[in-house]
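What you see below is based on every heavy atom in this structure, not just the backbone, and it leaves out hydrogens, waters and symmetry mates. Order of the sequence lines sets the chain letters (A, B, ...), proteins ahead of strands, with each chain counted from 1.
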Number of protein chains: 2
Amino acid sequence: MSRTGRSRTEEQGGDDATRPGVGGSLAHRVPELGALELLLAVARLGSLGGAARELGITQPAASSRIRSMERQLGVALVDRSPRGSRLTDAGALVTDWARRIVEAAEAFDVGAQALRDRRDSRLRVAASMTIAEYLLPGWLLALRAQRPDTAVSLLAGNSAAVAERLLSDEADLGFVEGLTVPTGLDSVVIAHDHLIVVTAPGHPWSRRRRPLEATELAATPLILREKGSGTRQVLDVTLGGLARPLIELSSTTAVKAAAVSGAGPAVLSELAVGEELAMRRLVSVPVQDVSLARDLRAVWPTGHRPVGPARELLSLTRG
Amino acid sequence: MSRTGRSRTEEQGGDDATRPGVGGSLAHRVPELGALELLLAVARLGSLGGAARELGITQPAASSRIRSMERQLGVALVDRSPRGSRLTDAGALVTDWARRIVEAAEAFDVGAQALRDRRDSRLRVAASMTIAEYLLPGWLLALRAQRPDTAVSLLAGNSAAVAERLLSDEADLGFVEGLTVPTGLDSVVIAHDHLIVVTAPGHPWSRRRRPLEATELAATPLILREKGSGTRQVLDVTLGGLARPLIELSSTTAVKAAAVSGAGPAVLSELAVGEELAMRRLVSVPVQDVSLARDLRAVWPTGHRPVGPARELLSLTRG
DNA sequence: TGAGGGCATAAGCTGAGGTTATGAGCAGGA
DNA sequence: TCCTGCTCATAACCTCAGCTTATGCCCTCA
């Protein structure tokens, strides 16, 4: 009655694994980011008006927005009283879930800002896709906490592109994940990444007790990244060039989607599948004998040790 | 010039650890959920019009929304052509970050729906806070993937409350995390949780190489949950009732916030701090000798093995 | 008993995002 | 060669969520 034009083409697609749950789109059932932020502020400050002040809106606006969120969710979130507001039990739970969304949004924000800043940035970073995707936002958030006014720019590409940027002085610090360090660069290992074998929960391998052996892995067609990618490279070397592709896909995301949909077992960085494992969309299959490890490295032009903001960021990446 | 009334009270609070980054609120820099969903659909389908159809909006609406998102972020996200649209490199990165937000929103959605559904639900779950917060949304998503039409209701509380619900037949399946199983209930261990010691990255302990010993831990004032909470209980038992509180707080969230702000070391479930560790807001401190493990259990009234949807959910929780 | 903080309600404005209608670029078959 | 059909873009219009200001009630505390 209020929303027009939504029913017509509602359920007609549906041939893909990454599709959201059935029914109307999420955005109609999940409050907007602004509302979630407001809820977090209310939880923290114990007052609608206080939260409103912090976000730079008026108290009635906050009041109304919280109320409409409660209506939308069908749950009372805060107990109002003449001397403040406290979360209800359900509200506390909702707030914790909301915090996850907001944290993901913060990572998005800091990443997106780095993609944009280009010119006037004091710190120019070049990173491989996997690192840019999964680790860099966290580092940038930490950096922002320490040095709020450091403008960062980010360029994502493969190892060769990272090396090129560094050597042509278009970047101050790089991150790569290959097995080898491009020539002309010094490096330090900042973390270790493991490739793991994953399947959808239904797959026979997901119920294995005995670890897979290398020969089994080599004998089974797998969902893989294309030849030449860092991930594929490690696997090929480890298995002696024997990895058999079931399909080859050109992005980590596509591989994940195929694996989740049950197309077969896939080999992926544990960085890439942390979320999926926690959510049980994928299951990790133990592997014997072969160590599918690779180093993540920070790199810079030989001799030019990072200084200033680059040095600061580097120190954040090691734990 | 467009937004009024934002500058006045902008920076005046600021005594809390959970505060978002400096500057205007996130919601003004991060696209709304609807826009992110649209972007994911475009990435998946390779067409603005196709994505529009899937979301039940018109093609011009999708076109305009993507464009305004590009303006907001200051980055070109998709390459339009007369025969479809593909993500740019930056767009691929942004899309991956966006996916995290949307996934968090899906977890929020399924959780919030469970909080609401109360009456007509076919599966009534009672769970401890930690489990409800961190694990249940994932399980419910998985359940929805298998049985899309199972309406679930959720009640969160401590072990005693879970037991009470089950015994009075107000819940079909429960989840608890204490050291003991409430009387009158059968149980099965579904996972193991470890308490870990964490500090802010600056803290001396964050640079320790030698693991902490139990005596050190017992001798140091810690940020803790209140006496009686499941977490505190485990710690007190493990250390022989010796844990010294620096402060006692009544929610996991508050403890995390205090630890992140550098107030001191805290002891928390690894479930609760996964995100913080990944983001480097907290650092885990290795501990020697003491095993701070506890079991997570599914519970049900003695003799009444779960059947139907409850059985289905139970089977999803074991890996 | 007033002063002050907290929340709610009412009435009005603005803009983001939706709609329909239309046009232009490119591919592939008659 | 020229339609037909897919793509995306532009224009003009409409609606509603969410903001504002102005006001009132409730409670506590000095």
Side-chain angles (χ1 to χ4, degrees), chain A residues 1-10 24-25 27-39 41-43 45-73 76-88 91, chain B residues 1-9 24-25 27-39 41-42 45-73 76-88 91:
Chain A
M1 147 183 321
S2 58
R3 300 229 142 252
T4 63
R6 291 212 72 267
S7 44
R8 198 171 0 122
T9 48
E10 189 74 358
S25 79
H28 297 120
R29 286 173 309 187
V30 177
E32 298 295 356
L33 278 170
L36 299 179
E37 259 188 300
L38 176 60
L39 180 62
V42 170
L45 301 173
S47 144
L48 290 185
R53 274 191 299 280
E54 181 172 285
L55 299 188
I57 62 177
T58 59
Q59 171 266 317
S63 178
S64 129
R65 204 162 191 193
I66 293 284
R67 189 172 296 283
S68 85
M69 181 160 43
E70 289 178 315
R71 222 186 11 252
Q72 178 181 22
L73 299 179
L77 299 175
V78 311
D79 266 336
R80 294 119 168 115
S81 89
R83 56 196 183 294
S85 297
R86 296 176 46 78
L87 294 178
T88 61
Chain B
M1 124 186 346
S2 58
R3 301 232 143 246
T4 64
R6 290 212 72 269
S7 43
R8 199 175 355 125
T9 49
S25 79
H28 298 119
R29 287 174 308 187
V30 177
E32 299 293 357
L33 278 171
L36 299 180
E37 260 187 298
L38 176 61
L39 179 62
V42 170
L45 301 174
S47 145
L48 290 186
R53 274 192 299 280
E54 179 171 286
L55 298 187
I57 61 178
T58 59
Q59 172 266 317
S63 178
S64 131
R65 206 163 189 192
I66 293 284
R67 188 171 296 283
S68 84
M69 180 160 44
E70 289 178 314
R71 221 186 15 250
Q72 179 182 20
L73 298 178
L77 299 174
V78 312
D79 268 337
R80 294 118 168 117
S81 91
R83 57 196 181 293
S85 296
R86 296 177 44 80
L87 293 178
T88 62

Report, as a single string ordered 5' to 3', how protein heavy atoms within less than 4.0 Å touch nucleotides 24-30 of chain D: B base, S sugar-phosphate only, - not at all.
--BSS--
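Closest non-hydrogen pair, A:S47 versus A:G50, comes out as OG-N, 2.8 Å. In terms of heavy-atom proximity, A:P31 sits nearest to A:L73 at CD-CD2, 4.1 Å.
At the heavy-atom level, A:S64 lies nowhere under 4.0 Å from the strands shown.
The side chain of A:A61 lies closest to D:dT20 when the candidates are D:dA9, D:dT20, C:dC7. Of the candidates D:dC8, D:dT21, C:dG17, the closest approach to any side-chain atom of A:T58 belongs to D:dT21. Taking only side-chain atoms of A:P60, from C-beta outward, the nucleotide of D:dA9, C:dC7, D:dT21 with the closest atom is D:dT21. Nearest to the side-chain atoms of B:S68 among the listed nucleotides C:dG6, C:dG17, D:dC19 stands C:dG17.
Computed from coordinates, the B:L87 CG to D:dC8 P distance equals 12 Å when rounded to whole Å. Atom NE2 of B:H28 and atom C1' of C:dT14 are 13 Å apart (whole Å). Rounding to whole angstrom units, CZ of residue B:R53 and C1' of D:dC6 are separated by 9 Å. Look at CD on B:E37: it is 11 Å from P on C:dG18, rounded to the nearest Å. Rounded to whole Å, the distance from CD1 on A:I57 to P on C:dG15 is 18 Å. At whole-Å resolution of the value, CG in B:D79 and C1' in C:dG25 are 16 Å apart. Per the geometry, CD1 belonging to B:I66 stands 13 Å off C1' belonging to C:dG17, to the nearest Å. One interatomic measurement links the two molecules: CD of B:E32 to P of D:dG18, which rounds to 9 Å at whole-angstrom precision.
A 4.5 Å side-chain heavy-atom check between B:R65 and B:L39 finds every atom pair outside the cut-off. A:Q72 places none of its side-chain heavy atoms less than 4.5 Å from the side chain of A:E32.
Using modelled atom types, one side-chain atom of A:E37 and one backbone atom of B:A27 make a donor-acceptor pair closer than 3.5 Å. Side chain of B:E54 to main chain of B:L38: no donor-acceptor pair is present (N/O by atom type, distance under 3.5 Å, no hydrogens or angles).
Taking only side-chain nitrogens and oxygens, B:S63 comes nearer than 4.0 Å to OP1 or OP2 of D:dA9. The side chain of B:R65 places an N or O atom within less than 4.0 Å of a non-bridging phosphate oxygen (OP1 or OP2) of C:dG18.
Helix bend of the helix from C:dT1-D:dA30 to C:dA30-D:dT1: the angle between its two end axes, each built from five pairs, comes to 20° after rounding to 10°.
Each of B:R67 and A:A62 lies near DNA chain D, and the nucleotide nearest B:R67 is the one positioned closer to the 5' end.
B:R71 CZ to B:S68 OG: the interatomic distance, rounded to the nearest 0.5 Å, is 5.5 Å. Note: B:L33 CG to A:H28 NE2 = 11.0 Å, rounded to the nearest 0.5 Å.
Applying the side-chain hydrogen bond (donor to acceptor under 3.5 Å, both in side chains) test to pairs two or more places apart or on separate chains, those with a residue in residues 76-86 of chain B are B:E70-B:R80.
Here A:Q59 pairs with nothing under the side chain to side chain donor-acceptor pair (under 3.5 Å) rule; sequence neighbours left out.
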